[in-house]
Colleague: 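The structure that follows is given in the form of C-alpha cells.
All chains are named by letter (A, B, ...) in the order of the sequence lines, taking the proteins before the strands, and each is independently numbered beginning at 1. Note that the coordinates shown come from a computational prediction; the quantities given were computed from them, not determined experimentally.
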There are 2 protein chains.
Amino acid sequence: MRRTSSHAQDHIMAERKRREKLSQRFIALSALVPGLKKMDKASVLGDAIKYLKQLQERVKSLEEQMKETTVESVVFIKKSQLSADDETSSCDENFDGCREDAVRDIEARVSDKNVLIRIHCKKQKGFVAKVLGEIEEHHLSVVNSSVLPFGKHAMDITVVAQMGDELQVTVKDLVNNLRLAFLKFM
Amino acid sequence: MRRTSSHAQDHIMAERKRREKLSQRFIALSALVPGLKKMDKASVLGDAIKYLKQLQERVKSLEEQMKETTVESVVFIKKSQLSADDETSSCDENFDGCREDAVRDIEARVSDKNVLIRIHCKKQKGFVAKVLGEIEEHHLSVVNSSVLPFGKHAMDITVVAQMGDELQVTVKDLVNNLRLAFLKFM
DNA sequence: AGGTACACGTGATGC
DNA sequence: TGCATCACGTGTACC
C-alpha cells in the first residue's frame with residue numbers, strides 16, 4: 001500500500017465534506033434562533049432546543065385560543081306580532097308553517113365545546129324548566145343560565161352549556177333542533 | 001514529559017465530556033422534531049431547521065389571523081332598527097383608527113320603556129362595571145343584569161334597563177350610542 | 001497558566 | 001465491496 005492510498009484520501013475528503021455540511025447547518029440553525037449570544041455549538045443546540053420548545057408551546061396556545069375565539073352564530077328571528085314591538089327586519093329563513101307566537105328569537109353560538117343559547121320569548125309558566133330540560137336532552141350540560149324579565153310579558157333566557165367530546169354540532173343544526181323541540185310545548 | 005502526562009489525560013477527558021454533551025443535545029433535539037426518519041446528525045439538524053422555520057411561519061400566521069378575526073368580528077353589529085331604514089346595516093362602516101377587539105356583538109331591543117341590551121365580548125377586568133355605568137349615564141336605569149362566562153376568554157352580558165318618560169330612543173341610536181361609549185375604554 | 005472550543009485525520013461499524 | 005456515519009485522540013488557537 002502506498003502511503004497515500006487513494007482510498008485513504010477519499011476517506012479524508014469524505015469526512016471533510018461531512019464536517020463541512022454539519023458546520024453549515026450549525027450556522028443555519030444559529031441564524032434562526034433569536035437572541036443568541038454564545039455561538040458555541042453546544043449553546044446553539046441548547047438554545048435552539050429551548051426556543052423550539054417555547055415555539056411549540058406558543059403554537060399550541062394560539063391554536064387553542066383560535067378555537068375559542070372562532071365563534072359561529074346563527075340567528076333566527078321570527079315574525080314579531082306583539083303590539084309595541086320594534087324590528088321585523090332581518091334575517092334569513094322563513095319557517096312557513098310555524099305559527100308559534102311565544103318564541104320570537106333563538107340564537108346560538110358555538111365555540112369549541114361551549115354553546116351559548118339566547119331565547120327571547122313571552123313569559124310562560126314553567127317554560128324555563130322545559131327549555132333547560134330540553135337542552136339537556138340534547139346532550140348538552142348546562143353550566144350556567146340566566147332569566148331576565150323584560151317588561152310585563154316578555155323574558156330573555158341566556159344559557160351556557162357544554163357539549164360532550166363525542167358530538168360536534170353545527171350551530172344551524174343546534175338551533176333547528178332546539179326550535180323544533182320548543183315547538184312541542186307551545 | 002511522561003507519555004501519559006496528566007495534562008494530556010485531562011485534555012482527553014475534557015474533550016470526551018464535550019462530545020458527550022453535544023451528543024445528549026442532539027438526542028434531545030431529535031426528540032422534539034416530529035416525523036424524524038433519519039437519526040443522522042446532519043438530518044437531525046436539517047429537519048430541525050425545516051421544522052423550526054415552519055413553526056415560525058405558523059406562529060406568524062396564527063398571530064396575524066388572531067388580529068384579523070378579532071377585527072373582523074367588530075363588523076358583527078346586529079341589525080336592530082325600526083323599519084324604513086337602511087337594510088344593509090349589518091356591515092359596520094369605518095371606525096378606522098379605533099381597534100375594538102373586545103366587543104364582538106351588541107344587540108338591543110326596545111319595548112315601550114324597557115330596553116334589553118346584549119353584549120358578547122371578551123373577558124375584561126372591570127368591563128361589566130363600566131358597561132353598567134355607561135348605560136346609566138345614557139338615562140337608562142338598570143333593573144336587572146346577568147353576566148355569563150362563555151369559555152375561557154369570552155363572556156355574555158345581558159342587561160335590562162328602563163328609559164325615563166321624557167326620551168324615546170330608537171334601537172339603532174341606542175346601539176350606536178352604546179357602541180361609541182364602549183369604544184372609550186378599549 | 002489552565003480552561004474551553006474547534007477541526008483534523010483515523011479506525012471501526014453498519015448497510 | 002464501497003459508501004456513509006460515527007467516536008476517538010490529538011494539535012492548536014484563543015482568552
Colleague: Show me the donor-acceptor pairs, under 3.5 Å and distance only, between side chains in residues 52-61 of chain A and residues at least two apart or in other chains.
Modeller:
| unit_1 | atom_1 | unit_2 | atom_2 | d |
| --- | --- | --- | --- | --- |
| A/Q56 | NE2 | B/L32 | O | 3.2 |
| A/Q56 | NE2 | B/Y51 | OH | 2.9 |
| A/R58 | NE | B/E63 | OE2 | 3.1 |
| A/R58 | NH2 | B/E63 | OE2 | 2.7 |

Colleague: Atom pairs under 3.5 Å, N or O on each side, protein against nucleotides 9-13 of chain C: can you list them with distances?
Modeller:
| unit_1 | atom_1 | unit_2 | atom_2 | d |
| --- | --- | --- | --- | --- |
| C/dG9 | OP1 | A/R16 | NH2 | 2.5 |
| C/dG9 | OP2 | A/R16 | NE | 3.1 |
| C/dG9 | OP2 | A/R16 | NH2 | 3.0 |
| C/dG9 | N7 | A/R19 | NH1 | 3.1 |
| C/dG11 | N7 | A/H11 | NE2 | 3.4 |
| C/dG11 | O6 | A/H11 | NE2 | 2.8 |

Colleague: Tell me, which of residues 20-32 of chain A have any heavy atom that sits under 4.0 Å from an atom in DNA chain C?
Modeller: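 By residue number: A/S23.
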Colleague: State which residues pass side-chain hydrogen bond (donor to acceptor under 3.5 Å, both in side chains) with A/Q162; sequence neighbours excluded, sorted by chain then number.
Modeller: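 Checked A/Q162 against side-chain hydrogen bond (donor to acceptor under 3.5 Å, both in side chains); matches are A/N114.
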Colleague: List for me each residue that meets salt bridge (charged side-chain N to carboxylate O under 4.0 Å, His left out) alongside B/K123, sequence neighbours excluded, and say none if there are none.
Modeller: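 In terms of salt bridge (charged side-chain N to carboxylate O under 4.0 Å, His left out), with neighbours along the sequence ignored, B/K123 is linked to no residue.
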Colleague: For A/H120, run the side-chain contact (heavy atoms from CB on, under 4.5 Å) check against A/I106, A/T158, A/I157, A/D156 and tell me which one passes.
Modeller: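 Going through the options one by one, the only one that passes is A/D156.
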Colleague: For the pair made of CG in B/D10 and C1' in C/dA5, what is the distance, rounded to whole Å?
Modeller: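 My rounded result for the distance is 16 Å.
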Colleague: Work out which heavy atom in B/E134 is nearest to a heavy atom in B/H138; give both atom names and the distance.
Modeller: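 Taking every non-hydrogen atom into account, O-ND1, 2.9 Å.
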Colleague: My understanding is that only residues two or more places apart in sequence, or in another chain, count here; which of them pass salt bridge (charged side-chain N to carboxylate O under 4.0 Å, His left out) with B/E136?
Modeller: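 For B/E136, no residue satisfies salt bridge (charged side-chain N to carboxylate O under 4.0 Å, His left out) once neighbours in sequence are set aside.
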Colleague: Would you name the heavy atoms of A/K21 and B/A42 that are closest together and state the gap between them?
Modeller: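 Minimum heavy-atom separation between A/K21 and B/A42: CE-CB, 3.9 Å.
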Colleague: Which other residues belong to the hydrophobic cluster containing A/I27, where Ile, Leu, Val, Met, Phe, Trp and Tyr are joined when side-chain heavy atoms lie under 4.5 Å apart, directly or via other members?
Modeller: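 So far as hydrophobic clustering goes, A/I27 is joined with none.
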Colleague: Tell me, which of residues 34-48 of chain B have any heavy atom that sits under 4.0 Å from an atom in DNA chain D?
Modeller: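 Only B/D40, B/K41 qualify.
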Colleague: Got a sec, which hydrophobics cluster with B/V160, joining ILVMFWY side chains under 4.5 Å apart, including via others?
Modeller: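 Under the 4.5 Å side-chain rule, B/V160 groups with A/L148, A/F150, B/L116, B/V143.
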Colleague: Apply salt bridge (charged side-chain N to carboxylate O under 4.0 Å, His left out) to B/K38 and list each qualifying residue two or more places apart in sequence or on a separate chain.
Modeller: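 Counting only residues at least two positions away or on another chain, B/K38 forms no salt bridge (charged side-chain N to carboxylate O under 4.0 Å, His left out).
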Colleague: B/K122 and B/M155: which non-hydrogen atoms are nearest, and at how many Å?
Modeller: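 The pair with the smallest heavy-atom distance is O-CE, 3.7 Å.
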Colleague: Can you give me the first and the last nucleotide of DNA chain D (5' to 3') that has an atom within less than 4.0 angstrom of a non-hydrogen atom in chain A?
Modeller: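 Result: D/dT5 to D/dA7.
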Colleague: Going by salt bridge (charged side-chain N to carboxylate O under 4.0 Å, His left out), name the residues that satisfy it together with A/R16, two or more places apart in sequence or in a different chain.
Modeller: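 If we apply the salt bridge (charged side-chain N to carboxylate O under 4.0 Å, His left out) test to A/R16, skipping adjacent residues, there are no hits.
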